[in-house]
Amino acid sequence: MTSTGRFTLPSEENFAEKTKELAELWGADAIRNSDGTHLDESVLALGKKIYSAYFPTRAHNEWITLHMDETPQVYLLTGRVLAEADIVDVPLMDGFFEEQLKPNRDADPHKYWEVVDRTTNEVVDASLWTLDEDTDTVHVSGATPMHEYTVSFLAYIIWDPVEMYNHLTNGWGDKEHEIPFDIYHPATRKFVFDTFEQWLKDNPQVDVVRFTTFFYQFTLLFDQKQREKVVDWFGCACTVSPAALDDFEKEYGYRLRPEDFVDGGAYNSAWRVPRKAQRDWIDFLSGFVRTNVKKLADMSHAAGKEAMMFLGDQWIGTEPYKDGFEDLGLDAVVGSIGDGTTTRMIADIPGVKYTEGRFLPYFFPDTFYEGNDPSIEGLDNWRKARRAILRSPISRMGYGGYLSLAAKFPKFVDTVTHIADEFRDIHDRTGGVAAEGELNVAILNSWGKMRSWMAFTVAHALPNKQTYLYYGILESPSGMSVNVRFISFEDVLEHGVADDIDVIINGGPVDTAFTGGDVWKNPKLTETLRAWVRGGGAFVGVGEPSSLARFQAGRFFQLADVLGVDEERHQTLSVDKYFPAVTPEHFITADVHVDPAAREAWEKAGYRIPLSGCGGGQGIKPLGGIDFGEPIANTFPVNEDVTLLRADGGQVQLAVNEYGKGRGVYVSGLPYSAANARLLERILFWASHNEDKYTAYSSTNPECEVAVFPDAGQYCVINNTDRPQSTDVALPDGSIEHFDLDQSAIAWRNL
């Protein structure tokens, strides 16, 4: 052990001796209570800094059971029901978990609910429907046969979603369900602050109040089979109440519809192009949440305690990258580490004294069971996080769950010992200063800075089939030798492109927040970006960048001229498209491994004869060597001056284009892998005309990365795999240093 500290250990009742042993072994300087448990006096006496999880809006059933009309609420959308006559019945709770959700029959349904003819998208007049409260069914009259109908209705959340998840995961049986409550109601708000004031007096031993989190849960709804039905880590669906809706109308001058929340069943996913109503609600909610968060922080400080926010659970309304977060007075933010992207999401948060990462796996029985080896996940999680920590250090680390489970796995205990020592060693060597970045890269989307490191995510660190081909846009640079920022389309329209930006990346599917949707109808956006690239800038597009769903001016990609690539949307099939020959050798693909047999077959096969002008220049055999993820069909070069680097299967996967003094690059998809991270790194250096900066401290093995710390006079090489790796590192003087690295290893050298 090189040093101690920077480590928070979870503990629980009746586990004092083992807690002391593991605290010494892992170098812990802080101890926190696990969910639903308390720390023994003998643990408190260990002299460690004490964190206590605090739940402002749950774990007080004695209050909320007397005020069940003051639980948080959510707008739910029923399933679509087909009308076969002029009367149709719509059941409310079909598909929802009745232990979690209960229709709000207290507030006037005809004021706060909405019945919609989904075939015409027209709202059904309130006089044409009634609610049967006994069966929770809405009866609609005057319906049009063969039209589908839905009801958007308010429902109380009667079981805290996170406590419910923990309850079901850990098999807590008949343990009482914790009911959440909503501080928007004055009586409950007073209860929350009075209760916290008393808690502060009753817990003088606590040094850090770990708020888990504050007031509103991200969208997490379950179905009748206790499965996740709607999960959106950014979702604001579970934040409504009649009182808040009425106050919003007074403040903003218009009334929100239920549709503004259910959004046709999308529930305002972060993938949706944000609309005015959605943005206004986020602003309204954030103002309310932040005012009350600051009160909690001030109360903590007055009691001599630090205030720490957990970036998860009831984090909605805080938006740590939204302007003004630093005014809340929070001392720290802690969050769950899933990969490099989520590490950066926590580490880059401004306006707090320190950040802390909670590493995986959770000490839960779904991982810590007989026959399983949790150390595999532990090391995998550490490797993913480490490359990001080198680029943006978090101050502290820790784990969550039940220590008594982890203690039963000696190999895992040894693994955490190693990880904790290595984490501290990185801090000791670098002084907590980030590694040097060579380029300034901006990720362009609708959310911009407010959702830094939060793009392309559905659930926390869990990309799915439709999203994984874009996730590499974030995961790759999270540990790369570049400085990353996030900008919005509004930023570009209002301020242009900042002088210090080297590369802009725009990527995602059409008509999403990440490609922009109708924002591309504004000619000022294309004018600004074209001028910037022609003047020497670099624009990288992934998937369907700059796309506009409605065919406009003969182009689908509005910056097709910059990228050199467009996508055929079956509107210009009568116009022939000719592909130039593929260029297999290029700076960008220099590290791409292509099987020699595949390369030979590709060269021998030659090129396809164009069929109606489509596909000329494409190899008969695929050249491959890169994982582009789910294919983007029917992409084609806009002219024969474009340089194609991959064009297999009838479309373009990778192309580069000279555009004035600048450059454009198109990539059809970028799932995260070491090879794709290397590919993107080379794309960024080539596109920005910085090829000459690339060689110094580059690694010949994409599975190994290099981080340079000029102020500390050191650099390190990391092995990002669970296998031994070898690599050569080029030094600035032209010499080469060879490294043989064990699995997961890190090696340090002086500059």
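All values reported here derive from a predicted model rather than from experimental measurement.
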- Scan residues 215-226 for pairs that pass salt bridge (charged side-chain N to carboxylate O under 4.0 Å, His left out), counting only residues two or more places apart or in two chains. D223-R227
- Query: Can we call the ring centroids of F214 and W315 under 6.0 Å apart?
  - Reply: no
- Task: Establish, yes or no, whether a centroid distance under 6.0 Å links the rings of F211 and F196.
- Result: yes
- Applying side chain to side chain donor-acceptor pair (under 3.5 Å), run through Y216 and D182 and close with a yes or a no. CA-CA 8 Å; Y216 295 108; D182 184 359; 2.6 Å; yes
- Note on the structure: Quick note, salt bridge (charged side-chain N to carboxylate O under 4.0 Å, His left out) partners involving residues 198-219, not counting sequence neighbours, are none
- Under 3.5 Å: donor-acceptor pair, side chain of E13, backbone of H38: yes
- Item | R189/E70 under salt bridge (charged side-chain N to carboxylate O under 4.0 Å, His left out): CA gap, chis, key distance, verdict | CA-CA 10 Å; R189 184 159 64 249; E70 298 193 2; over 6 Å; no
- Trace of the ring-ring contact (aromatic ring centres under 6.0 Å, His included) decision for W159 with H167: CA-CA 11 Å; W159 191 358; H167 195 294; 5.2 Å; yes
- Task: Start with the C-alpha distance between F456 and Y471, add both sets of side-chain angles, then the distance that settles ring-ring contact (aromatic ring centres under 6.0 Å, His included), and finish with yes or no.
- Result: CA-CA 6 Å; F456 312 116; Y471 202 66; 7.7 Å; no
- Message: Quick check: F412 with F363 (ring centres under 6.0 Å apart)?
- Response: yes
- What's the verdict on side chain to side chain donor-acceptor pair (under 3.5 Å) for Q217 and D313, showing C-alpha distance, side-chain angles and the deciding distance? CA-CA 6 Å; Q217 174 68 41; D313 296 4; 5.3 Å; no
- Item | Heavy-atom check, side chain of V81 versus side chain of P91, under 4.5 Å | yes
- Sorted by chain and number, sequence neighbours left out, side chain to side chain contact (heavy atoms under 4.5 Å, CB included) with D260 holds for L256, R257, R275, A277
- Query: Can you check whether M454 reaches T457 side chain to side chain, under 4.5 Å on heavy atoms?
  - Reply: no
- Answer yes or no: is there a side-chain heavy-atom contact under 4.5 Å between I179 and D160? no
- Query: Counting only heavy atoms not in K102, do more than 12 fall under 6.0 Å of its NZ?
  - Reply: no
- Query: Do F234 and W447 have ring centroids that are under 6.0 Å from one another?
  - Reply: no
- Query: Is the cationic atom of K229 (NZ for Lys, CZ for Arg) positioned less than 6.0 Å from the six-membered ring centroid of F97 and within 45 degrees of its normal?
  - Reply: no
- Item | Check: T19 main-chain N/O paired with E24 side-chain donor or acceptor under 3.5 Å | no
- Query: Do W172 and N166 pass the side chain to side chain donor-acceptor pair (under 3.5 Å) test, and can you show the C-alpha distance, the side-chain angles, and the key distance before you say yes or no?
  - Reply: CA-CA 8 Å; W172 287 345; N166 291 341; over 6 Å; no
- A28 to L9 - nearest heavy-atom pair and separation: CB-CB, 3.9 Å
- Under 3.5 Å side-chain donor-acceptor pair for Y75 and N104: no
- Tightest non-hydrogen contact, residues A406 and V413, listed as O-CG2, 3.8 Å
- Message: With a 4.0 Å cut-off on N to O distance, would you call R6 and D29 a salt bridge?
- Response: no
- Check G329 against A297 and note the closest heavy-atom contact, atom names and distance. O-CB, 4.1 Å
- Among all residues two or more places apart in sequence or in another chain, which pass the side chain to side chain contact (heavy atoms under 4.5 Å, CB included) test with L92? T78, P103, W113, L131, D136, V138, V151, F153
- Task: Please identify each residue that fulfils side chain to side chain donor-acceptor pair (under 3.5 Å) with E12, with sequence neighbours left out.
- Result: S404
- Excluding sequence neighbours, so at least two apart, what forms side chain to side chain contact (heavy atoms under 4.5 Å, CB included) with P350? Y321
- salt bridge (charged side-chain N to carboxylate O under 4.0 Å, His left out) involving K408 - partner list, sequence neighbours excluded: none
- Message: Ignoring hydrogens, what is the shortest heavy-atom contact between A30 and Y51? Give both atom names and the distance.
- Response: CB-CE1, 3.6 Å
- Query: Does D263 reach the main-chain N or O of E259 with its side chain, forming a donor-acceptor pair under 3.5 Å?
  - Reply: no
- Any side-chain heavy atom of Y184 sitting closer than 4.5 Å to one from F215? no
- Assess the pair H60 and F55: is the distance between their ring centroids shorter than 6.0 Å? no
- Message: For the CD atom on E41, are there more than 12 heavy atoms of other groups (residues, nucleotides or ligands in this structure) within a distance under 6.0 Å?
- Response: no
- Message: Are I316 and C238 packed together at the side-chain level, in the sense that at least one heavy-atom pair is separated by less than 4.5 angstrom?
- Response: no
- Query: With a 4.5 Å heavy-atom cut-off, do V74 and L101 have their side chains touching?
  - Reply: yes
- Note on the structure: Applied to residues 91-100, the salt bridge (charged side-chain N to carboxylate O under 4.0 Å, His left out) test, sequence neighbours excluded, yields none
- Message: Among residues at least two apart in sequence or on other chains, which ones pass side chain to side chain donor-acceptor pair (under 3.5 Å) with D40?
- Response: none
- Query: Does a salt bridge link E475 with R344, judged by any charged N lying under 4.0 Å from a carboxylate O?
  - Reply: no
- Task: Could you check if a side-chain atom of F325 sits within less than 4.5 angstrom of a side-chain atom of L328, using non-hydrogen atoms only?
- Result: yes
- Item | Side-chain donor or acceptor of T239 paired with backbone N/O of C236 under 3.5 Å | yes
- Message: Apply salt bridge (charged side-chain N to carboxylate O under 4.0 Å, His left out) to residues R290 and D327 and explain how you reach the verdict.
- Response: CA-CA 9 Å; R290 287 180 167 190; D327 298 332; over 6 Å; no
- Message: Which residues pass the side chain to side chain donor-acceptor pair (under 3.5 Å) test with D69, not counting sequence neighbours?
- Response: none
- D380/R383 ion pair, N-O < 4.0 Å: yes
- Note on the structure: So salt bridge (charged side-chain N to carboxylate O under 4.0 Å, His left out) across residues 352-362, not counting sequence neighbours, yields D331-K353, E356-R396
- Item | Pair E306, Y354: side-chain N/O donor-acceptor within cut-off below 3.5 Å | yes
- So, W382 versus S744: side-chain donor-acceptor pair below 3.5 Å or not? no
- Hey, is K20 close enough to E17 for a salt bridge, meaning N to O under 4.0 Å? no
- Does the side chain of N372 come under 3.5 Å of the side chain of E377 through a donor N or O and an acceptor N or O? no
- Item | Nearest non-hydrogen partners of S11 and V43, listed with the distance | OG-CG2, 4.4 Å
- Modelled atom types, side-chain donor and acceptor of D339 and T342, under 3.5 Å: yes
- Item | All side chain to side chain contact (heavy atoms under 4.5 Å, CB included) counterparts of S52, not counting sequence neighbours | N33, W199, V206
- Message: Keeping T417 on the side-chain end and T415 on the backbone end, is there a donor-acceptor pair under 3.5 Å?
- Response: no
